Amino acid sequence: WEAEEALGRGLVSGVKGVGRGLGLLRRPESAVRFASSMSSGGTVEAGLDPRTIISVHTSELSEARVQAFNNAFGTNYTPMNIADDASLRSLQVSGAQHYHASPVCKHFTKANRIQTADPNDLAIAQSVARDIREVRPPTVSIENVPRYAGYVMRKTGWVQDEKQVTAFYKMITKELDDGGYNWDISIVDAADYGAAQTRNRLIIRGIRKDLGELPPLPEKTGSTDWY
């Protein structure tokens, strides 16, 4: 989905005649009601194919990304900042069939040698944990860099170093445990799914136990000429 997410970035960047059209698409009755937190102005929604989802909630840190979401999807509600009223957040998220979150990750990337967090990281993790705890959406997905969960690359492959597991990851996954979810965790390389770049991402998938088991991960699409 990284390749489609790149397309999404183009859709929300102000391309004339495209962004507003997404909000006017005819959607089938099977369209999924989708709530997101920190989806970078709607790039996640765009990558999932906007014809198959109906946005019921989004929250961001910056006003620019909030506006980008409105421009892209023609929403008739105001996407929220993470600091907005929690009760209204819960009301919007409660209508979702799927909840996705991409917490800020720049403080856990290789590019950030200091590897320190800031108050925004805590606020975002708390808001995601609260959404899961108070609403218990049917299905959940979380995306981030591997280091968010303490994963580091060794000669044998990806290994979870307990000393490097962030408190934010523990906070979110505790709500999945306490909320009665079946969940798993994977490290996925975007290049294995058609993206023209090697980009490893931590993917957490969850489904409420009363709804069944998690499906298998999609099969890899194979490498491209460059890979």
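Nothing here was measured: the structure is a model prediction, and the numbers come from that model.
Judged by distance alone, the side chain of Gln160 and the main-chain N or O of Ala149 form a donor-acceptor pair under 3.5 Å. Under the 3.5 Å distance criterion, the side-chain polar atoms of Asn200 are left unmatched by any main-chain donor or acceptor of Ile187. Of the possible donor and acceptor atoms, none in the side chain of Ser141 sits under 3.5 Å from a partner among the backbone N and O of His100. Remark: the backbone N or O of Asp192 is paired with a side-chain donor or acceptor of Thr221 at under 3.5 angstrom. For the pair Arg205 (side chain) and Pro215 (backbone), a donor-acceptor distance under 3.5 Å is present. Arg208 contributes a side-chain N or O that, together with a main-chain N or O of Arg136, makes up a donor-acceptor pair within less than 3.5 Å. Remark: side-chain polar atoms of Arg199 are not paired, donor with acceptor, to backbone N or O of Ala190 under 3.5 angstrom. Judged by distance alone, with hydrogens and angles left aside, the side-chain atoms of Tyr193 form no donor-acceptor pair with the main-chain N or O of Val188 at under 3.5 Å.
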task = With side-chain contact (heavy atoms from CB on, under 4.5 Å) as the test, would you mind laying out the steps for Phe168 and Asn144 before giving the verdict?
result = CA-CA 11 Å; Phe168 314 122; Asn144 215 294; over 6 Å; no
ask   = What do the steps show when you test Ile185 against Tyr169 for side-chain contact (heavy atoms from CB on, under 4.5 Å), and what is the final call?
value = CA-CA 11 Å; Ile185 185 170; Tyr169 166 80; 3.6 Å; yes
key: Check against salt bridge (charged side-chain N to carboxylate O under 4.0 Å, His left out), Asp161 and Lys163   = CA-CA 5 Å; Asp161 184 344; Lys163 295 181 179 179; over 6 Å; no
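Counted by atom type alone, Ser55 and Glu45 present zero donor-acceptor pairs between their side chains at under 3.5 Å.
Taking every heavy atom of both residues into account, Ala96 and Pro138 meet most closely at O-CD, 3.5 Å. Closest non-hydrogen pair, Tyr148 versus Pro103, comes out as OH-CB, 3.7 Å.
To the nearest 0.5 Å, the span separating CD on Glu143 from CD1 on Ile204 amounts to 10.0 Å. The distance from atom OH of Tyr99 to atom OG1 of Thr139, rounded to the nearest 0.5 Å, is 12.0 Å. Atom OG of Ser186 and atom OH of Tyr151 lie 8.5 Å apart (nearest 0.5 Å). With rounding to the nearest 0.5 Å, the separation of CG in Asp131 from CD in Gln92 is 10.0 Å. Between the CD atom of Glu134 and the OG atom of Ser94 there is a distance of 10.5 Å, given to the nearest 0.5 Å. Note that the CD atom of Gln126 and the CD1 atom of Ile172 stand 10.5 Å from one another [nearest 0.5 Å].
Contacts of His98 classified as ring pair (Phe, Tyr, Trp, His ring centres under 6.0 Å), with partners at least two apart in sequence or in another chain: Phe34.
At least one side-chain heavy atom of Val152 sits under 4.5 Å from a side-chain heavy atom of Arg147. Counting heavy atoms from C-beta on, the side chains of Leu122 and Met171 come closer than 4.5 Å.
Hydrophobic clustering (side-chain heavy atoms under 4.5 Å, transitive across Ile, Leu, Val, Met, Phe, Trp, Tyr) keeps Val159 apart from Leu202. Residues Ile142 and Ile207 do not share a hydrophobic cluster, clusters being chains of Ile/Leu/Val/Met/Phe/Trp/Tyr side chains in contact below 4.5 Å.
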